[in-house]
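Contents: one structure, followed by commentary.
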Amino acid sequence: MAILRGEQGAVQFDAAGSTNATIVGTRSWSLTTTKETLDVTDHGDTFRSFVGSLISGSGTVELVYDPDATGQAAFLEDVLTTADGADATFELFTTGTTSGTDSISFAGIITDMEISSTVGELVVVSCNFITSGTITGNLE
């Protein structure tokens, strides 16, 4: 049984949906996927029956802020894109950065960004996102 540590994870992102780049300074990421259900119970049934329906996702990426770090500026500034067509691509890795391996990939929109600076601590940025379209899981 393999044991993965959070420090092995990574995030890759591209604002225009072409070639993803690793976002240096990633501290953590999370993704929640939700599947709606439809009630397909027939009249007269004793027990309810359901089928899966639409799937959506949302999550957070937290970074240790570094204005010179590769990929951070494009990632943080994507929240400022109005009429965003969800053309940004994300790939969240549990370990390594080999595309399509131990990862989840999707198109999405960064919905908000929070940056905080406290005396004596690191400057941390937290970005929330939603998925748009297909979520592809390559968890192995």
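Note: Thr19 OG1 to Phe13 CZ = 13.0 Å, rounded to the nearest 0.5 Å. Atom CG of Leu31 sits about 6.0 Å away from atom OG1 of Thr33, to the nearest 0.5 Å.
Residue Phe47 shares its hydrophobic cluster (ILVMFWY side chains chained together at separations under 4.5 Å) with no other residue. Under a 4.5 Å side-chain heavy-atom cut-off, the cluster of Ile, Leu, Val, Met, Phe, Trp and Tyr residues that includes Ile130 is completed by Ile109. With a 4.5 Å cut-off between side-chain heavy atoms of Ile, Leu, Val, Met, Phe, Trp and Tyr, the cluster of Leu38 takes in Val40, Val51.
Nearest heavy atoms, Asp39 versus Ser49: OD1-O, 3.4 Å. Shortest non-hydrogen contact noted between Gln72 and Ile23 is CG-CG2, 3.9 Å. The shortest heavy-atom contact between Ala10 and Thr97 is CB-CG2, 3.6 Å. Residues Leu76 and Cys127 share a closest heavy-atom pair of CD2-SG, 3.6 Å.
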Can you give me every donor-acceptor pair (side chain of residues 98-108, partner residue at least two apart or in another chain, under 3.5 Å) with its distance?
{"residue": "Ser99", "atom": "OG", "partner": "Glu91", "partner atom": "OE1", "Å": "3.0"}
{"residue": "Asp102", "atom": "OD1", "partner": "Glu140", "partner atom": "N", "Å": "3.4"}
{"residue": "Ser103", "atom": "OG", "partner": "Glu91", "partner atom": "OE2", "Å": "2.6"}

Identify all side-chain donor-acceptor contacts of residues 112-125 below 3.5 Å with residues at least two apart in sequence or on another chain.
{"residue": "Asp112", "atom": "OD1", "partner": "Asn128", "partner atom": "ND2", "Å": "2.8"}
{"residue": "Asp112", "atom": "OD2", "partner": "Asn128", "partner atom": "ND2", "Å": "3.2"}

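Linking ILVMFWY residues whenever their side-chain heavy atoms come closer than 4.5 Å, directly or via other members, leaves Ile135 and Leu54 in distinct clusters.
When atom types are taken as modelled, the side chain of Ser58 and the backbone of Phe129 share no donor-acceptor pair closer than 3.5 angstrom. Panel note: side chain Trp29, backbone Phe93; a donor-acceptor pair is recorded below 3.5 Å.
No side-chain heavy atom of Asn20 sits less than 4.5 Å from a side-chain heavy atom of Phe90. No side-chain heavy atom of Ser53 sits less than 4.5 Å from a side-chain heavy atom of Thr37. Side-chain contact between Val24 and Asp66: absent, with no pair of heavy atoms (C-beta onward) separated by less than 4.5 Å.
Exactly one of Val61, Val64, Leu63 qualifies for a side chain to side chain contact (heavy atoms under 4.5 Å, CB included) with Arg27. That residue is Val64.
With no hydrogens or angles considered, no side-chain donor-acceptor pair links Ser126 and Glu62 at under 3.5 Å.
For Asp45, there are no salt bridge (Lys or Arg N to Asp or Glu O under 4.0 Å) partners at least two apart in sequence or on another chain.
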